[in-house]
Amino acid sequence: GSPHAGPPPEALGREVALGPMSLTAPDGWTRKQPSSGFVLAEFSLPRVEEDPADGRLTVTSVAGSVEANVTRWRGQFGGKPEKESREAIDVAGIPVTLVDFSGTYGSQQMGPMRAEPRSGYRMQAAIFSIDGKQFIIKAVGPERTMVRHAEGFAALVGSLESGDADSTDADFTGEAAPDADSTEGS
């Protein structure tokens, strides 16, 4: 009984297409109807017993520099998260910036829907570009729930691959590799 047309979110499965690339979510996450048009895919991360809420993971395409987004997320923790880390990794040849904030979340004002600040929250986010289009994977939830799903978050980010990866893997014999980078004859 959803007002939205199209298949129910569960029918969409675990794969998220991002242009020529795709992501695959871990088992155990529940695909949801995206809460806004900016959201390409949304998953619920089941809470641990003691926590008040499930985690929420979204995949979005947004404008703005990496710095502008990181600054905005820091602002969602009142500008001073209790814990903060950042690292740059490479997935399938694509540079990815990872950030991890913990503290009191939701202290920003977004129109009339002002969220009550929630202490003991954690946000993990990955930001990267494909063909000039910027994507963000962002998970937010109570700290213990997020700890439980941290490996799943890392696995989702690490699952980024070309949409046709399956076929190229199948055709790969392994014997051409040494010559492929050879400079002989050039």
[atom1] of [X] to [atom2] of [Y]: how many Å apart, nearest 0.5 Å?
X	Y	atom1	atom2	answer
Leu57	Phe153	CG	CZ	6.5 Å
Glu151	Leu156	CD	CG	13.5 Å
Phe101	Met146	CZ	CE	13.0 Å

Check the pair Val157 / Gln124 against side chain to side chain contact (heavy atoms under 4.5 Å, CB included), numbers first and verdict last. CA-CA 11 Å; Val157 174; Gln124 286 181 279; over 6 Å; no
Between the side chain of [X] and the main-chain N/O of [Y], is any donor-acceptor distance below 3.5 Å?
X	Y	answer
Arg31	Phe43	no
Ser159	Thr24	yes
Thr58	Val39	no
Thr60	Val62	no
Ser65	Ala68	yes
Glu15	Ser22	no

Is there side-chain contact between Thr30 and Leu45, with at least one heavy-atom pair below 4.5 Å? no
Side-chain touch Pro20/Ile130, heavy atoms, less than 4.5 angstrom: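 When only atoms from C-beta onward are counted, Ile130 and Pro20 do touch, with a gap below 4.5 Å.
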Taking all atoms of both residues into account, what is the closest heavy-atom pair of [X] and [Y], and its distance?
X	Y	answer
Glu143	Ser102	OE1-OG, 3.4 Å
Asn69	Ala63	ND2-O, 3.5 Å
Asp54	Arg47	OD1-N, 2.9 Å
Pro142	Pro52	CG-CD, 4.0 Å
Gly55	Thr145	N-CG2, 3.8 Å
Ala126	Leu98	CB-CD2, 3.5 Å

Greater than 12 external heavy atoms within 6.0 Å of Glu50's CD: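 Counting other residues, nucleotides and ligands, CD of Glu50 exceeds 12 neighbours.
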Do [X] and [Y] sit in one hydrophobic cluster, given that two such residues count as connected whenever their side-chain heavy atoms are within less than 4.5 Å of each other, even indirectly?
X	Y	result
Val66	Phe77	yes
Val59	Val70	no
Leu23	Ile127	no
Leu18	Ile136	no
Ile137	Ile94	yes

Partner set under salt bridge (charged side-chain N to carboxylate O under 4.0 Å, His left out) for [X], not counting sequence neighbours:
X	value
Glu84	Arg74
Arg148	none
Glu67	Arg86
Glu42	Arg56

Salt bridge (charged side-chain N to carboxylate O under 4.0 Å, His left out): pairs with one or both residues in residues 120-133, sequence neighbours excluded: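 Checked against salt bridge (charged side-chain N to carboxylate O under 4.0 Å, His left out) - neighbours excluded - the pairs reaching residues 120-133 are Asp100-Arg122.
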I'd like to know whether Thr97 forms a side chain to side chain contact (heavy atoms under 4.5 Å, CB included) with Phe128, so could you lay out the CA-CA distance, the side-chain angles of the two residues, the decisive distance to 0.1 Å, and finally the verdict. CA-CA 7 Å; Thr97 299; Phe128 54 91; over 6 Å; no
Just to verify, what does Asp90 make a side-chain hydrogen bond (donor to acceptor under 3.5 Å, both in side chains) with, not counting sequence neighbours? none
Please work out which of the three classes, parallel, tilted or perpendicular, describes the rings of Trp29 and His149, given edges at 30° and 60°. perpendicular
Are Thr104 and Tyr121 close enough, and set up right, to give a side chain to side chain contact (heavy atoms under 4.5 Å, CB included), and what steps lead you there? CA-CA 6 Å; Thr104 299; Tyr121 261 59; over 6 Å; no
